[in-house]
Amino acid sequence: MDRKKPGFSLKVNQEITNLFKNYGKLKKFEKDDCVIRQGEYANHVYILLSGEAEVVRVDRFGNENRLAVLGGGDIVGEMGAFLENNKRSATVKAKSPALLALECPNQMFIRGLFSTSELTYRVLKNYAERLNELNISASTHYQSRVMLVVGHYIESRVDWSQEICEVTVDIKELFDRSSLELWKITEAIYNFKALRIFNKIVFPAEINIVEINPEEGENLTDKTHELKEGEPNRIIIEVDTERFREQMKRLSYC
C-alpha cells in the first residue's frame with residue numbers, strides 16, 4: 001500500500017504546528033482508536049504530531065479499503081471545517097501504539113488559517129488535488145458504465161462456442177435501446193479495442209474514422225489508414241470471446 005495517495009498530501013511544518021497549539025488541545029490515541037469515524041459529523045480538525053494513522057473507507061458492500069497511512073505533520077478532517085453539517089467520508093484510526101494529535105474545533109482551525117498564508121495555500125492545493133482525483137474517477141466510472149451498456153448489447157450477439165467471433169452492431173438499434181450518442185458508442189468500442197478484446201472494427205461509410213495503429217518503433221504517419229467501409233448503420237467487430245467475458249465481469253463490479 002502506498003504511504004500517500006492523491007488527496008492525502010497535506011503536511012505542515014513545526015512552525016505551523018506550534019502556531020495551532022493556540023487554537024486546540026492535545027489528544028492521545030491508542031492503537032486502533034478512531035481519530036475520526038466515517039459517517040459522523042465533522043466538528044474538529046486534527047494535526048498529527050507523532051505516531052502513524054491509517055485512512056480507511058468502508059464501501060457500499062461493507063468492504064474496508066485502506067487508502068493511506070499518515071504521520072506527524074499531516075492534517076486530518078480539514079474539509080469538514082468548510083462544509084456545514086458535513087459528515088466524514090472515511091475513518092482515520094491510530095496505527096501506532098501511541099498517536100499524538102492536536103484537536104482544533106472547526107472555527108478555531110479557520111481562524112488559524114488567517115494567521116498563515118502558507119497553510120492556506122496548502123489547503124487549497126490539497127483541495128485541487130482531491131477535485132482532480134474525483135474528476136478522473138468520475139470520468140473513468142462513466143466510461144465503464146457506457147462500456148457496460150454497449151457490452152451488454154454485444155454480449156447477446158456473441159457465439160460463445162468460438163474463441164474469435166464476428167459480431168454486427170446495429171447502430172440505430174443500439175441507440176434506440178440505450179439513447180447513447182454515436183460518439184459515445186464509438187468511444188466504448190475503441191476502449192474495448194484498446195484492451196485487445198476487439199481485434200478488428202469495420203465502420204460504415206457514414207462514420208468517418210481514421211485509425212492509427214503503429215507497431216513499436218514505427219512512424220505514426222506511416223501507419224495511418226482508413227478502415228474498410230462496412231454496411232450502412234452497422235459496425236462489424238471481431239471479438240475475443242474469453243477476454244470479453246472476463247472484462248464484462250470486471251465492468252459489472254465497477
Validation row: [X], [Y] side chains within 4.5 angstrom (heavy atoms):
| X | Y | result |
| --- | --- | --- |
| E133 | E129 | no |
| L26 | L49 | yes |
| V55 | L70 | yes |
| R145 | H141 | yes |
| F192 | R243 | no |
| E54 | V92 | no |
| F244 | D240 | no |

Whether the side chain of [X] engages the backbone of [Y] through a donor-acceptor N/O pair (distance < 3.5 Å, no angle test) should be reported.
| X | Y | result |
| --- | --- | --- |
| T241 | W160 | no |
| T120 | L113 | yes |
| S139 | N135 | no |
| S156 | Y153 | yes |
| R66 | R57 | no |
| K31 | K95 | yes |

For [X], give me all partners under salt bridge (charged side-chain N to carboxylate O under 4.0 Å, His left out), at least two apart in sequence or on another chain.
| X | value |
| --- | --- |
| R157 | E173 |
| E242 | R245 |
| E246 | K249 |

With sequence neighbours excluded, residues passing side-chain hydrogen bond (donor to acceptor under 3.5 Å, both in side chains) with [X]:
| X | answer |
| --- | --- |
| D170 | R234 |
| Y142 | K184 |
| Y23 | S115 |
| E30 | none |

To the closest 0.5 Å, what do you measure between [atom1] ([X]) and [atom2] ([Y])?
| X | Y | atom1 | atom2 | value |
| --- | --- | --- | --- | --- |
| E181 | E187 | CD | CD | 11.0 Å |
| K27 | C104 | NZ | SG | 12.0 Å |
| I47 | K21 | CD1 | NZ | 10.0 Å |
| L131 | L124 | CG | CG | 12.0 Å |
| I75 | L102 | CD1 | CG | 10.0 Å |
| I185 | M147 | CD1 | CE | 14.0 Å |

Please tabulate, for side-chain N and O atoms in residues 194-203, each donor-acceptor pair with protein atoms closer than 3.5 Å (sequence neighbours left out).
none

Just to verify, what does [X] make a side chain to side chain contact (heavy atoms under 4.5 Å, CB included) with, not counting sequence neighbours?
| X | result |
| --- | --- |
| N106 | V45, A81 |
| S50 | L100 |
| S137 | none |

Is it true that [X] and [Y] fall in one hydrophobic cluster, defined by side-chain heavy atoms closer than 4.5 Å?
| X | Y | answer |
| --- | --- | --- |
| V149 | W183 | no |
| V69 | V56 | no |
| V76 | V58 | no |
| I110 | L83 | yes |
| L119 | M108 | yes |

| query | Does a sphere of radius 6.0 Å around CD in Q162 hold more than 12 heavy atoms from other residues, nucleotides or ligands, not counting ones at 6.0 Å or beyond? | reply |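 Atom CD in Q162 is packed in, count exceeds 12.
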
If a pair satisfies ring pair (Phe, Tyr, Trp, His ring centres under 6.0 Å) and one of its residues is in residues 71-93, list it, with sequence neighbours excluded.
->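 Every ring pair (Phe, Tyr, Trp, His ring centres under 6.0 Å) pair that includes a residue of residues 71-93, provided the two are not neighbours, is F82-Y127.
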
*asked:* I'd like to know whether L174 forms a side chain to side chain contact (heavy atoms under 4.5 Å, CB included) with L180, so could you lay out the CA-CA distance, the side-chain angles of the two residues, the decisive distance to 0.1 Å, and finally the verdict.
replied: CA-CA 8 Å; L174 179 53; L180 290 173; 5.6 Å; no

>> Angle between ring planes, Y46 versus F29, binned at 30° and 60°: parallel, tilted or perpendicular?
In response: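 Plane angle over 60°, so perpendicular.
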
Heavy-atom pair with the smallest gap, counting every atom of [X] and [Y]:
| X | Y | result |
| --- | --- | --- |
| G80 | A42 | CA-CB, 3.7 Å |
| N85 | Y41 | O-CE2, 3.6 Å |
| G71 | L48 | O-CB, 3.5 Å |
| T91 | C34 | CG2-SG, 3.8 Å |
| E103 | P105 | O-CD, 4.0 Å |
| L19 | G112 | CD2-O, 4.4 Å |

Run the numbers on H44 and F109 for side chain to side chain contact (heavy atoms under 4.5 Å, CB included), then give the verdict.
-> CA-CA 8 Å; H44 297 86; F109 177 76; over 6 Å; no

(message) Checking N18 against Q14: is there a side-chain donor and acceptor pair closer than 3.5 Å?
(response)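 Short answer, yes.
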
- Task: Test side chain to side chain contact (heavy atoms under 4.5 Å, CB included) on E118 and R122 and set out the steps.
- Result: CA-CA 6 Å; E118 180 184 353; R122 291 188 188 184; 2.4 Å; yes

Pair I237, V169 - check side chain to side chain contact (heavy atoms under 4.5 Å, CB included), show working. CA-CA 8 Å; I237 302 167; V169 176; 3.5 Å; yes

